[in-house]
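Just follow the structure's listing: the first ligand is 1, and inside any ligand the first atom is 1. All residue numbers refer to positions in the sequence shown, counting from 1.
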Amino acid sequence: MGEKLLVMGLGYVGLPVAALARRKGFSVLGYDRESDKVAAIADGRFSAGDALVRETFREIPLDATTDQECLARAGVIIVTVPTPLDHDAHPDLGPIRSAVEAVARHARPGVLLSIESTVNPGVCEECIVPLLQKHGRDPEHGDVFLVHCPERVNPGDARWTVQNIPRVLGGHTPEATERGMALYTRLVDAPVRRLSSIRAAEAVKIVENAFRDVNIAFVNELAQSFDRLGIDVTEVIEGAATKPFAFLPHYPGAGVGGHCIPVDPYYLIEHAQTKGFEHKFLKLARAINKSMPRYTVERLKEALRRAHDTTIQRISPAADIASARRAPGGGDMPSPLEGVPVALLGLAYKRDVADLRESPALEIEKILCAEGATVSTFDPFVPERSTAQTLADALRSAVAVVLATDHTAFRNLAPAHLAGTAIRVLVDGRNCLNHQAFRAAGFTILGIGR
Ligand code: SAJ
């Protein structure tokens, strides 16, 4: 067997890396601090998402352990632990620190240490290097060869995989960079770009995801504007996308979730703040995207109002809408969602995945409940978190539908599916439904920007 390569952190990033390394001839070890994760790997139980992982470890399971002593057996250690945000959107480097301390304590001299977890520029030099040195290790003169090669795993993407996505790499020392380049040009079947520094490599990942966040915020702001202007933003985006250069389409929706896009910009915002710079634009983009769950609920209220007015117009055109809305005793009106049964379709943060992290759908659910709506939820990828176990069950007692995740199973939702229910109103949070068909069938349907 080849050189021993150990992956620290056996989640949606680490497992594909471990599988790829096995395929490229390394003798692969896995380490995770969670025993239930290690036990699942030993039993060959993997998340549905990654075919490479299942196929690679089906015959011979990954040799995974919670014992940090295993670190001493590897010539290469790849760290793929999470870098989440804490409750007030500050980067939580706890998992990285724990992993690096374990490496410092157990790894043998000359180990190549690659950090793949997303970190802000400066973390390797200002946090990891001092941590290694504090534990008596020397990343300057060949005791530990430290590099950063940011992960680019795209969950649920069968086309771009850990094997064929190009990478960038920066090293703490020239020799570390060369060793890192030798490793990743062997591991990945795609170009690996050598960068001049480790912090340049840290910045690349943050920038590529902040780029996506601001572009989504741009179209989310357009959507709110175009809802007032009576313009279909999707049509305009598709029109702009006919220009073969200098335009990259992004699409408005119920919000921005996941482990990358809503998280990574805060790494740069926070770090730049410590150096006296305020990223006003990144913060504004984050604020716009974070407002979209609330905007989606406001669209529901607007749709209910329009349906209500249409009903009144149909039943008694002279009816005084204001009086119909005044609460008994003339007090303040309760939320128009009070007691309204709503079917929330989709809980995961994006199409056809089971991942709930930072999911805007969960924020929508929270807002609906806070406004007194009676919410039934259904997500075929997250049955354990759904209140209804089938789409029909979720729709049965609802008068309104909010689609928060454009799972393939929902994209063909048609008026016929709502026959026999009291549903009259829909909000299409991912602009994926056939609005014309629903309107023709007498439904009130609103999208986000259309
Ligand atoms: N979203 C929009 N409008 C868009 C695109 C996405 O509202 O035009 C929303 C999605 O609904 C989701 C969130 O943003 O809630 C994130 O979606 P995403 O497609 O960016 O999915 P992620 O979080 O899995 O992002 C990953 C990232 N990959 C890595 O970090 C290695 C990201 O860089 C990729 O651009 C993205 O996949 C991708 O292209 O699919």
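Considering only non-hydrogen atoms, atom 9 (C) of ligand 1 lies nearest to Gly255 out of Gly255, Gly253, Pro262. The option with the heavy atom closest to atom 11 (O) of ligand 1, from among His250, His259, Arg212, Arg430, is Arg430.
At a threshold of 4.0 Å, the pair Glu298-Lys301 counts as salt-bridged, since one of the basic side-chain nitrogens sits closer than that to a carboxylate oxygen. With respect to the salt-bridge test (charged N to carboxylate O, under 4.0 angstrom), the residues Glu238 and Arg450 do not qualify.
The closest donor-acceptor contact from the side chain of Glu202 to the backbone of Cys124 lies under 3.5 Å. A donor-acceptor contact shorter than 3.5 Å links the side chain of Asn431 to the backbone of Ile448.
Listed by number with element, the atoms of ligand 1 under 4.0 Å from a non-hydrogen atom of Ile216 are 1 (N), 2 (C), 3 (N), 4 (C), 5 (C), 6 (C), 7 (O), 14 (O). In the vicinity of Val153, heavy-atom distances shorter than 4.0 Å reach the ligand 1 atoms 28 (N), 29 (C), 31 (C). The distance from ligand 1 to the heavy atoms of Lys205 drops below 4.0 Å at these ligand atoms: 30 (O). Remark: ligand 1 atoms within the under-4.0 Å shell around heavy atoms of Asn209 are 30 (O), 32 (C), 33 (O).
Between Gly257 and ligand 1, at least one pair of N/O atoms sits closer than 3.5 Å.
When non-hydrogen atoms are compared, ligand 1 lies under 4.0 Å from neither the backbone nor the side chain of Arg351. With a 4.0 Å heavy-atom cut-off, ligand 1 is reached by the backbone of Arg152 and by its side chain too.
Atom 36 (C) of ligand 1 has its closest protein heavy atom at Asn154 OD1, 3.5 Å. The nearest heavy-atom contact from the protein to atom 2 (C) of ligand 1 is Tyr251 O, 3.5 Å. Considering only non-hydrogen protein atoms, atom 14 (O) of ligand 1 sits nearest to Val256 CG1, 3.6 Å. Nearest protein neighbour of atom 12 (C) of ligand 1, counting heavy atoms only, is Tyr349 O, 3.3 Å. From the protein, the heavy atom lying nearest to atom 21 (O) of ligand 1 is Lys350 NZ, 3.2 Å.
In this structure, a donor-acceptor pair under 3.5 Å is present between the side chains of His90 and Glu270. Looking only at atom types and distance, the side chain of Arg23 has a donor-acceptor partner in the side chain of Thr56 under 3.5 Å away. Using a 3.5 Å distance cut-off with no hydrogens or angles, the side chains of Tyr12 and Asp355 do not pair a donor with an acceptor.
Counted within 6.0 Å of CZ on Phe247, heavy atoms from surrounding residues, nucleotides or ligands total more than 12; the atom is thus considered enclosed.
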Next on the checklist: Apply side-chain contact (heavy atoms from CB on, under 4.5 Å) to residues Tyr349 and His259 and explain how you reach the verdict.
Outcome noted: CA-CA 9 Å; Tyr349 82 89; His259 48 281; 3.1 Å; yes
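Ligand 1 is never approached by Pro150 to a heavy-atom distance shorter than 4.0 Å. Distances from ligand 1 to the non-hydrogen atoms of Glu358 include no value under 4.0 Å. At a 4.0 Å cut-off, not a single heavy atom of Glu208 sits close enough to ligand 1 to count as contact.
For the atom pair Ile78 CD1 and Leu5 CG, the distance stands at 4.5 Å (nearest 0.5 Å).
The two residues Val76 and Leu183 have their closest heavy-atom pair at CG1-CD2, 3.7 Å.
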